[in-house]
Amino acid sequence: MAVDIIPYESKLAQDFYNLNIEWLQTHFVVEPYDEAVLSNPEHYIINKGGSIFFARLENQIVGTVALMPTANKLVLELTKMAVLPQMRGQKIGQLMLQHCTDFAKHRKFSKLLLYSNTKLENAIYLYRKFGFEEIPVETNAPYKRGNIKMLLVL
């Protein structure tokens, strides 16, 4: 299985939306902030200095992930990671996560942070495997579902 990680192009905006909406509807609910970001990734992510990547297998987009700028110019938020249901469990998330950490290191960022939910045991396991450590979640966190915040020092 040769999965390529490719950068965002506007023609892939619908794939970004569809993958994430499916994931959110399966596990949680689509919050207003999710809808805004997913409907306009160029405004909320790309134009603010962030990046979106896609996992492609034989010309099919099978996963996506984003790195969003934060108030700290040396820290990126890892967010909006989703994989097609039929492709889950095939290490695509791991490939995308490795790509994001390599990308951030190469561009001299110092940390990656993420918000998740402890019911996503496989995801939390993967983040810990990559070296992310739990830190306190602030009271005004961007997502209601986010009951865990993790940080990776690069």
Side-chain angles (χ1 to χ4, degrees), residues 1-24 26-28 31 33-34 36-38 40-57 60-85 87-118 120-135 137-138 141-143 145-154:
M1 178 170 83
V3 175
D4 297 316
I5 305 297
I6 60 171
Y8 178 85
E9 296 177 53
S10 56
K11 69 181 182 181
L12 298 174
Q14 192 63 50
D15 290 293
F16 182 70
Y17 181 89
N18 292 344
L19 281 160
N20 277 286
I21 289 294
E22 182 282 326
W23 184 89
L24 286 165
T26 297
H27 297 286
F28 301 100
E31 297 178 26
Y33 183 64
D34 293 314
V37 172
L38 296 173
N40 198 346
E42 290 180 20
H43 171 74
Y44 284 94
I45 301 172
I46 301 297
N47 295 345
K48 292 185 177 182
S51 300
I52 300 173
F53 302 104
F54 295 90
R56 180 178 63 191
L57 176 65
Q60 180 187 13
I61 299 300
V62 296
T64 190
V65 64
L67 292 172
M68 288 178 56
T70 67
N72 182 332
K73 300 283 187 221
L74 295 175
V75 179
L76 291 171
E77 179 186 348
L78 180 84
T79 188
K80 307 299 182 218
M81 185 158 65
V83 175
L84 280 177
M87 298 304 294
R88 292 178 188 150
Q90 298 188 38
K91 301 192 186 293
I92 293 169
Q94 189 168 316
L95 283 171
M96 292 190 300
L97 189 51
Q98 185 65 59
H99 182 81
C100 287
T101 57
D102 292 345
F103 177 89
K105 285 177 187 176
H106 181 73
R107 283 164 180 73
K108 308 286 189 242
F109 286 93
S110 63
K111 298 173 185 161
L112 291 179
L113 71 85
L114 62 84
Y115 296 89
S116 192
N117 187 287
T118 51
L120 302 171
E121 294 175 4
N122 291 343
I124 302 302
Y125 173 82
L126 178 61
Y127 301 142
R128 286 195 169 113
K129 180 177 172 180
F130 270 76
F132 281 85
E133 295 182 356
E134 188 172 348
I135 60 173
V137 179
E138 63 273 29
Y143 309 102
R145 67 183 169 271
N147 69 356
I148 186 171
K149 182 177 180 180
M150 301 182 85
L151 187 70
L152 174 65
V153 177
L154 298 171

Indicate the atoms forming the closest heavy-atom contact of A13 with P41, along with that distance. CB-CG, 4.3 Å
Contact summary for C100 and V65, nearest pair of heavy atoms: SG-CG1, 3.5 Å
Quick one: list whatever passes side chain to side chain contact (heavy atoms under 4.5 Å, CB included) with P85, sequence neighbours left out. E22, R88
Could you tell me whether the side chain of Y8 reaches within less than 4.5 Å of the side chain of E42, counting heavy atoms only? yes
Given side chains that start at C-beta, do those of L12 and I6 come closer than 4.5 Å, heavy atoms only? yes
Taking all heavy atoms of R56 and all of I61, pick out the closest pair and write down the distance. CB-CD1, 4.1 Å
Could you give me the CA-CA distance, side-chain angles and deciding distance for N147 and V137, then say whether side chain to side chain contact (heavy atoms under 4.5 Å, CB included) is met? CA-CA 7 Å; N147 69 356; V137 179; 6.0 Å; no
The reported gap from CG in D4 to CG in L95 (rounded to nearest 0.5 angstrom) is 10.0 Å
Taking all non-hydrogen atoms of both residues, which atom of V37 and which atom of K80 are closest, and how far apart? CG1-CE, 4.0 Å
Value for CG (L112) from CZ (F103), rounded to nearest 0.5 Å, stands at 10.5 Å
Could you walk me through whether D15 and T64 pass side chain to side chain contact (heavy atoms under 4.5 Å, CB included), step by step? CA-CA 8 Å; D15 290 293; T64 190; over 6 Å; no
With a 3.5 Å cut-off and no angle check, do the side chains of E134 and Y127 form a donor-acceptor pair? no
In Å, rounded to the nearest 0.5 Å, how long is the span from CG of L126 to CD of E121? 14.0 Å
Do you know which of L154, L67, L114 makes side chain to side chain contact (heavy atoms under 4.5 Å, CB included) with L76? L67
Is there a side-chain contact between F132 and L97, using heavy atoms and a 4.5 Å cut-off? yes
Please indicate whether N122 has more than 12 foreign heavy atoms, meaning atoms of other residues, nucleotides or ligands, lying under 6.0 Å from its CG. no
CD (E9) and CD1 (I46) are apart, to the nearest 0.5 Å, by 11.0 Å
Are there more than 12 heavy atoms of other residues, nucleotides or ligands under 6.0 Å from atom NZ of K111? no
What heavy-atom pair brings L19 and G63 nearest, and what distance separates the two atoms? CD1-C, 3.8 Å
Rounded to the nearest 0.5 Å, what's the gap from CG on L113 to CE on M68? Could you check? 10.0 Å
Does the plane of the ring in W23 sit parallel, tilted or perpendicular to the ring in F28? Use 30° and 60° as the thresholds. tilted
Are I124 and M150 packed together at the side-chain level, in the sense that at least one heavy-atom pair is separated by less than 4.5 angstrom? yes
Reported CE-to-CD1 distance for the pair M81 and I92, which is rounded to 0.5 angstrom: 11.5 Å
When you look at CD of E133, are more than 12 heavy atoms from neighbouring residues, nucleotides or ligands closer to it than 6.0 Å? no
I45 and A66: which non-hydrogen atoms are nearest, and at how many Å? CD1-CB, 3.9 Å
Sequence neighbours excluded, which residues qualify as side chain to side chain contact (heavy atoms under 4.5 Å, CB included) partners of S110? L74, V75
Begin with the C-alpha distance, continue with both residues' side-chain angles, and end with the deciding distance and a verdict on side chain to side chain contact (heavy atoms under 4.5 Å, CB included) for M96 and F53. CA-CA 8 Å; M96 292 190 300; F53 302 104; over 6 Å; no
With side chains defined as the heavy atoms from C-beta onward, is the minimum distance between L24 and R145 less than 4.5 Å? yes
Report yes if the side chains of T101 and Q98 come closer than 4.5 Å at any heavy-atom pair, otherwise no. yes
Taking the side chain as C-beta and beyond, is there a heavy-atom pair between D34 and N20 under 4.5 Å? no
